[in-house]
Amino acid sequence: MFAYYPIYRGYFRTSLMLMFQYRIAMLIWLLGGIIEPLMYLVIWRTVSLQQGGSVGSYSTNDFVVYFIAMMMVSHGTFTWIMWEYVYRIRMGQFSVMLLKPIHPIHSDIADNIGYKFLTLTVMGPTVLLLAWFFDASWQPAFWTLAAFVPVLILAFLMRFYWEWSLAMVAFWTLRIDAMNQAYIVVTLFFSGKLAPLTLFPEIVQRAADLLPFRWMLYFPVEVLLGRVTPRDLLIGLGAQLFWLLAGYLVMQLIYRAGIKRYAAFGA
Amino acid sequence: MFYIRLFATYLRIGILGELEYRANFWISLVQSALDLCVALGGLAVVFNHTDTLGGWRQEELLALVGVYFLIGGLIRTIIRPSMTKFMDDVRQGTLDFTLTKPADSQVLVSIQSIEIWRLVDVLIALPVLGIALLRLGARLGLLDTAVFAVTLLSGALIIYSFWLMLSTCAFWFVKVENIQVIFMSMWQAGRWPVSIYPAWLRAVLTFLVPVAFATTVPASAVSGRITDASLVGTVALAVAMLLVSRWFWRVGIRFYSGASA
């Protein structure tokens, strides 16, 4: 475990330096992650105001806080690996990564975390500005706030392992655009990005129970909002650990099959 | 006449080029279908809990979705690929080949790359729009249809002119592809009527990135809620932006001196 510390420190340094070269592009990529939750925030806030101040168990203020929290959790856990992997394989960059005596997922994790820290400088003020503008009031209980930290870390890791696994489809086909988009659409409906899951029809909710996505976004958001009981929290943590472990195993399995299949271009 | 033939030629080249990648058709179809799922699914969930959204009824928002796909398809089929190629050309100096051709450079640049499979978006938009119109049916006369067509055309021209102006900046700043990413991020907000957004965001979506004119305005024409002022304003803006972008293009082209010269 501690053996990784200097390695990660090195990765952080290089990735931060690299990203600083492309700082404008970095900021521009953030925009989509801000617009989308903001859009749903405005819509549900409008619906709630029209319905006399609440929809389901969510008040107007709850919607505002929900989507601002969703913006943060979504930003904190998202990855772009599904787009990067294709380039890596097509351009033969993957060969270099294979030569290194360390699993390539580590440099990706470090890259991702580095990016998140760098963009915090924009995401932080954005969140505060939106909270101020929409007059959000949020009074978290101390224990849910404390629980949010491990929940978010688990959500980040499980999402990372699953999306890294999905990205490896690029070993078999380089036409991944439609698949990536399908993945995004599925997460939109089953992770609570579009609306709190309890507002969906019963059948969508039951399906969401069987899928990993709600534990990536919806659950951390609900914890941050303090909308869980201690029992919900334990169940959620259990589900997250289960999906993390499953994601880890799937990743190992696909990775082994993938590198057997990989043949560098130009070799 | 000459330019129609020119366009037909580029269209033929586009078709021939993309016929080599027939699988792309299916991929485009899947992508458009997924986009439609998001749009309709979002509508369904929202209208499960309310009858109107900011004064818009469900079938009116369905018309908005149709318009959104129609203009979006136009952007993805012609505007974006052509402008992307233009920016690449500026960077690599290959724009010289376009400029030396005996036709108007702005026209050439604007239609030089056509991704026909993206027309799937338009194909999807038509039945959506049709169903919406059918359900709005009773109150849609000949005049409304004409107004709708005019606003749709104006919206398309505004988006085109806007995109051309952004692309023209490539003459000075070379690397501007990221501007397209900004546009497409803002574009998704056009799936909903801009009137529901808070004033500052509405201003951004109307004047900074003119999404509202291409989506909300035509959709409000079809649902009979457009005011004379906004109709005249939209047409006037379309004409003004067309002229300004034309002027800006000429300034840019005069500035351009080739990548290696």
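Below, read A as the first sequence line, B as the second, and so on, with proteins coming before strands; counting in each chain starts at 1.
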- Task: Would you give the length of the straight line joining atom CD1 of A:I28 to atom CD1 of B:I179, rounded to the nearest 0.5 angstrom?
- Result: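 Nearest 0.5 Å value for the CD1-CD1 distance: 7.5 Å.
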
- Message: I need the residue from A:I34, A:I43, A:V204 with the largest number of non-hydrogen atom pairs under 4.5 Å to chain B.
- Response: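 Between A:I34, A:I43, A:V204, the count favours A:I43.
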
- Task: Name the option with the most non-hydrogen atom pairs under 4.5 Å to chain B; the candidates are A:P201, A:A195, A:A182.
- Result: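 Greatest number of close heavy-atom pairs with chain B: A:A182.
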
[X] atom [atom1]: more than 12 heavy-atom contacts under 6.0 Å:
X      : atom1 : result
A:F133 : CZ    : yes
B:L16  : CG    : yes
A:W80  : CH2   : yes

Side chain / backbone / both / neither for [X] at chain A, heavy atoms under 4.5 Å:
X      : answer
B:W200 : side chain
B:L201 : side chain
B:T52  : both

- Please look at A:L199 and chain B and tell me whether the side chain, the backbone, both or neither of the residue comes under 4.5 angstrom of a heavy atom of that chain.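 Both parts, backbone and side chain.
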
- Between A:L38 and chain B, which part of the residue has a heavy atom less than 4.5 Å away: side chain, backbone, both or neither?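 It is the side chain, since no backbone atom gets that close.
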
- Among the options B:N48, B:L53, B:V30, pick out the one with the most heavy-atom pairs lying under 4.5 Å from chain A.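 Winner by heavy-atom pair count: B:L53.
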
- Could you tell me whether the side chain of B:H49 and the main chain of A:V55 form a donor-acceptor pair under 3.5 Å?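 No; judged by distance alone, with no hydrogens or angles, the pair does not exist.
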
Specify the closest pair of heavy atoms between [X] and [Y], including all atoms of both residues, with the distance to one decimal.
X      : Y      : answer
B:S185 : A:I35  : O-CG2, 3.6 Å
B:I27  : A:A178 : CG2-CB, 3.7 Å
B:T50  : A:Q51  : OG1-NE2, 3.0 Å
B:A189 : A:M39  : CA-SD, 3.5 Å
A:F200 : B:V45  : CE2-CG2, 3.4 Å
A:T46  : B:G54  : CG2-N, 4.0 Å

- Message: side chain to side chain contact (heavy atoms under 4.5 Å, CB included), that's the test. Do B:V46 and A:W44 meet it? Break it down for me.
- Response: CA-CA 8 Å; B:V46 167; A:W44 285 106; 3.9 Å; yes

- Message: Is it true that A:Q181 and B:D35 share a donor-acceptor pair across their side chains at a distance under 3.5 Å?
- Response: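 Yes, A:Q181 and B:D35 have a side-chain donor paired with an acceptor closer than 3.5 Å.
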
